[in-house]
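Scroll down for the structure; my scribbles are underneath it.
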Amino acid sequence: MADSKQPADSKRPDLEETTNVVEAHATLLETGAAQSREKRIAETGMEPVSLWVFVASAVVLLVGGGVLGAGGKLFEYNPHPQNYTRPEFASDADTGPTVGPILEALTKRGKNIYAKCSGCHGSTGSGDGNQFPPLAGSDWVTGNTERLAQIILNGLSGPIDVDGKTYNGNMPAQAPLTAAELAAVMTFVRNEFNDVGDIVTIEQAANAIKIYEARPQGQITVKDLNSNHDKMLEGESIDPATTVDFETLKPAAAE
Ligand code: HEC
């Protein structure tokens with residue numbers, strides 16, 4: 001009888017059947033079960049994914065599908081509510097002449113910005129004779145530009161005499177305005193409702209904005225206007241007939 005503890009690597013057939021097959025299989029099965037209870041070590045990158053990752057992905061897919069299914073409204077481009085009309089504060093450079101006297105260029109632009117004021121002061125600048133004072137025939141409009149600019153930027157409260165009548169209301173501040181917008185609206189009210197015949201330059205308007213930014217917040221009063229701002233705005237004046245490009249307001253050659 002051969003030794004039952006024959007070396008495993010023996011290549012000779014086990015003719016005498018010294019190995020107990022049942023026993024040998026049993027040990028194999030045992031190790032197999034034990035091994036299968038161990039966590040299998042997968043190759044890097046091939047590890048099984050956690051259940052929670054599956055659940056999270058499912059939620060994302062469901063919600064995403066819902067959004068797309070609902071007509072893709074999330075991606076719809078409709079920034080304005082219905083019946084919304086954009087206020088025309090832009091320059092009018094796309095219509096009419098594009099080169100002309102600076103007085104005309106600023107008045108044209110100022111007319112658009114005056115849309116901010118016309119609700120109170122009226123489209124012809126005549127006020128309502130009761131609560132809102134007129135801009136036509138008002139010394140506050142035709143007089144010193146620093147006063148006018150500070151009324152527009154800061155708003156106004158308390159009594160004010162306009163064309164022989166006392167008003168005592170509240171005008172909200174119209175700032176922020178860019179220097180070009182302020183120059184334009186001031187030139188407009190001085191020349192459309194009155195005939196001052198000069199222009200407020202962008203440089204002068206920029207100086208008005210500096211003065212406005214330096215003073216404490218809040219509406220201005222007549223007392224403050226008369227004691228601190230009763231002067232013309234600083235800045236070189238420009239001949240109202242100077243030819244400019246309507247878009248840039250910079251000097252241009254006549255067409
Ligand atoms: C919400 C209404 C309202 C708006 C908008 C408004 N104002 Fe006024 N404004 C008034 C009232 C009210 C007074 C008088 C305030 C007071 O009695 O202290 C006044 C006074 C004035 C005055 C001094 C008095 C006069 O009539 O000359 C000027 C100048 C003026 N506003 C210009 C403007 C300009 C320019 C704009 C637009 C950029 C504008 N206002 C926008 C209501 C308004």
Side-chain angles (χ1 to χ4, degrees), residues 85-92 103-202 204-213 215-233 235 240 249:
T85 44
R86 183 178 173 275
E88 288 276 329
F89 292 164
S91 85
D92 250 357
L103 175 63
E104 202 183 303
L106 284 173
T107 309
K108 201 167 181 195
R109 192 176 284 206
K111 189 182 176 140
N112 288 328
I113 295 146
Y114 186 71
K116 273 170 98 74
C117 330
S118 58
C120 296
H121 293 287
S123 55
T124 58
S126 51
D128 68 352
N130 172 32
Q131 205 187 341
F132 303 121
L135 304 182
S138 162
D139 297 341
W140 298 97
V141 176
T142 59
N144 279 337
T145 48
E146 189 173 316
R147 278 193 326 191
L148 174 59
Q150 295 312 311
I151 293 175
I152 296 173
L153 292 169
N154 295 282
L156 181 73
S157 76
I160 182 169
D161 288 340
V162 185
D163 205 12
K165 190 171 175 334
T166 305
Y167 294 80
N168 192 355
N170 253 302
M171 167 170 157
Q174 301 299 305
L177 288 168
T178 65
E181 287 170 343
L182 180 61
V185 76
M186 287 176 71
T187 301
F188 175 79
V189 296
R190 282 164 73 85
N191 293 289
E192 185 81 6
F193 305 145
N194 302 283
D195 33 33
V196 178
D198 67 5
I199 62 146
V200 176
T201 68
I202 295 175
Q204 289 163 352
N207 285 331
I209 292 172
K210 274 190 207 139
I211 296 168
Y212 155 74
E213 282 168 351
R215 72 177 295 278
Q217 291 243 313
Q219 287 157 307
I220 207 161
T221 59
V222 165
K223 189 166 165 269
D224 193 349
L225 285 168
N226 282 337
S227 43
N228 301 318
H229 303 288
D230 197 6
K231 47 188 177 266
M232 290 302 274
L233 284 166
L249 298 174

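This chain uses plain numbering: 1 for the first residue, then up along the sequence. One-based numbering, in listed order, for ligands and for the atoms of each.
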Given the rule in the side-chain contact (heavy atoms from CB on, under 4.5 Å) test, do Ile113 and Phe188 qualify, once you have shown the distances and angles that lead to the verdict? CA-CA 9 Å; Ile113 295 146; Phe188 175 79; over 6 Å; no

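Atoms of ligand 1 lying under 4.0 Å from any heavy atom of Ser138, numbered from 1 in the order shown and given with element: 25 (C), 27 (O). Interface of Tyr167 with ligand 1, defined as ligand atoms under 4.0 Å from a residue heavy atom, comprises 17 (O). Ligand-side atoms of ligand 1 in range of Leu148: 29 (C), range being under 4.0 angstrom from any heavy atom. Each of the atoms 24 (C), 25 (C), 26 (O) of ligand 1 lies under 4.0 Å from some heavy atom of Val162. Here is the list of ligand 1 atoms found below 4.0 Å of a heavy atom in Ile152: 35 (C), 38 (C). Residue Val141 has at least one heavy-atom neighbour below 4.0 Å for each of these atoms of ligand 1: 27 (O), 29 (C). Those atoms of ligand 1 that come under 4.0 Å of a heavy atom in Lys116, given as number and element, are 5 (C). With ligand atoms numbered from 1 in the order given, ligand 1 contributes 17 (O) to contacts under 4.0 Å with heavy atoms of Asn168.
In this structure, the protein non-hydrogen atom closest to atom 17 (O) of ligand 1 is Gly169 N, 2.7 Å. With hydrogens left out, the protein atom closest to atom 1 (C) of ligand 1 is Cys120 SG, 2.7 Å, a heavy atom. Protein heavy atom closest to atom 22 (C) of ligand 1, with residue, atom name and distance, is Ile151 CG2, 3.7 Å. With respect to atom 34 (C) of ligand 1, the closest heavy atom belonging to the protein is Cys117 SG, 3.5 Å. For atom 32 (C) of ligand 1, the closest heavy atom belonging to the protein is Leu135 CD2, 3.6 Å.
Using a 30° and 60° split on the angle between ring planes, Phe193 and Tyr114 fall in the perpendicular class, above 60°.
Contact annotation for Pro133 and ligand 1: heavy atoms of both the backbone and the side chain come within less than 4.0 Å of the ligand. No part of Asp139 comes within 4.0 Å of ligand 1, judged by heavy-atom distances. With a heavy-atom cut-off of 4.0 Å, Ser157 touches ligand 1 through its backbone alone. Neither the backbone nor the side chain of Tyr114 comes within contact range of ligand 1; no heavy atom lies under 4.0 Å. Contacts of Leu177 with ligand 1, taken as heavy-atom pairs under 4.0 Å, are absent altogether. Residue contacts with ligand 1, taken as heavy atom pairs separated by less than 4.0 Å, involve His121 solely via side-chain atoms from C-beta onward.
With a cut-off of 2.8 Å, atom 8 (Fe) of ligand 1 has an N, O or S atom of Met171 in range.
When Val222, Asp128, Leu225, Leu156 are ranked by how near their heavy atoms come to atom 15 (C) of ligand 1, first place goes to Leu156.
At least one N or O atom of Pro134 sits closer than 3.5 Å to an N or O atom of ligand 1. Residue Gly158 places at least one N or O, backbone or side chain, under 3.5 Å from an N or O of ligand 1. Between Asn170 and ligand 1, no pair of N/O atoms sits closer than 3.5 Å.
Between the CD1 atom in Ile211 and the NZ atom in Lys231 there is a gap of 6.5 Å [rounded to 0.5 Å].
In this structure, Pro133 and His121 have side chains that are in contact, with non-hydrogen atoms separated by less than 4.5 Å. No side-chain heavy atom of Arg215 sits under 4.5 Å from any side-chain heavy atom of Asn228. Side-chain contact between Thr187 and Arg109: absent, with no pair of heavy atoms (C-beta onward) separated by less than 4.5 Å. With contacts defined as side-chain heavy-atom distances shorter than 4.5 Å, the pair Leu156/Leu225 qualifies.
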